[in-house]
Amino acid sequence: MNKFLITVALVSLAFATPSFADEMAKCDADSLKKIEMELKAMTDPAMKDKMEMGMKELEMAMMSDKEKKIDDCAMHLDKAMKAAHGG
C-alpha cells in the first residue's frame, strides 16, 4: 500500500509541476511588441534603470528571434517583462 501511495504522489507531482519551458515568455511578434510598448510607457524617473535594462533585454530578445534562437529569445523576453512589471 505504501508503494502505491508513493507512486500516486510522484505521478501527481509530475503533472502538477509546470515545465520550465511553460514558465518562460512566449517569444513571438505580439509579445515583443507588447513588452516594447509597456517599457516605453514607463515614465517614472525612479524606474528609469529598470526601463533601460528592459529595453536592452528586449533588443537581445529581438536579435535572438531573428536568429531563430527561441530559447534565448524567451529568456531575454522574460527578463524584459520582469523589468516592465517592476520586478
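Position 1 is the first residue of the sequence; numbering continues from there. All heavy atoms count here, side chains included; hydrogens, waters and symmetry mates do not.
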Between Ala83 and Gly54, the two heavy atoms sitting closest are CB-CA, 3.7 Å
Transitively linked via ILVMFWY side-chain contacts under 4.5 Å: Met55 with Met47? yes
Co-membership, hydrophobic cluster, residues Met42 and Met81, 4.5 Å side-chain: yes
Going from CG on Leu58 to CE on Met63, what distance comes out if it is rounded to the nearest 0.5 angstrom? 11.0 Å
With sequence neighbours left out, the residues meeting side-chain contact (heavy atoms from CB on, under 4.5 Å) with Lys82 are Asp78
What's the spacing between Glu67 CD and Met62 CE if we round to 0.5 Å? 14.0 Å
Residues that, via side-chain heavy atoms closer than 4.5 angstrom, fall in one hydrophobic cluster with Met60: none
Under 4.5 Å between side-chain heavy atoms, hopping through other hydrophobics if needed: is there a path connecting Leu77 to Ile70? no
Which pairs count as disulfide (SG to SG under 2.5 Å) when at least one residue sits in residues 27-87, sequence neighbours excluded? Cys27-Cys73
Tell me the side chain to side chain donor-acceptor pair (under 3.5 Å) pairs involving residues 43-61, sequence neighbours left out? Glu57-His76
Acceptor/donor pairs from residues 29-38 side chains to any protein atom, 3.5 angstrom cut, sequence neighbours excluded:
residue	atom	partner	partner atom	Å
Ser31	OG	Lys26	O	3.1
Ser31	OG	Asp28	OD1	2.7
Glu36	OE2	Lys40	NZ	3.2
Glu38	OE1	His85	NE2	2.7

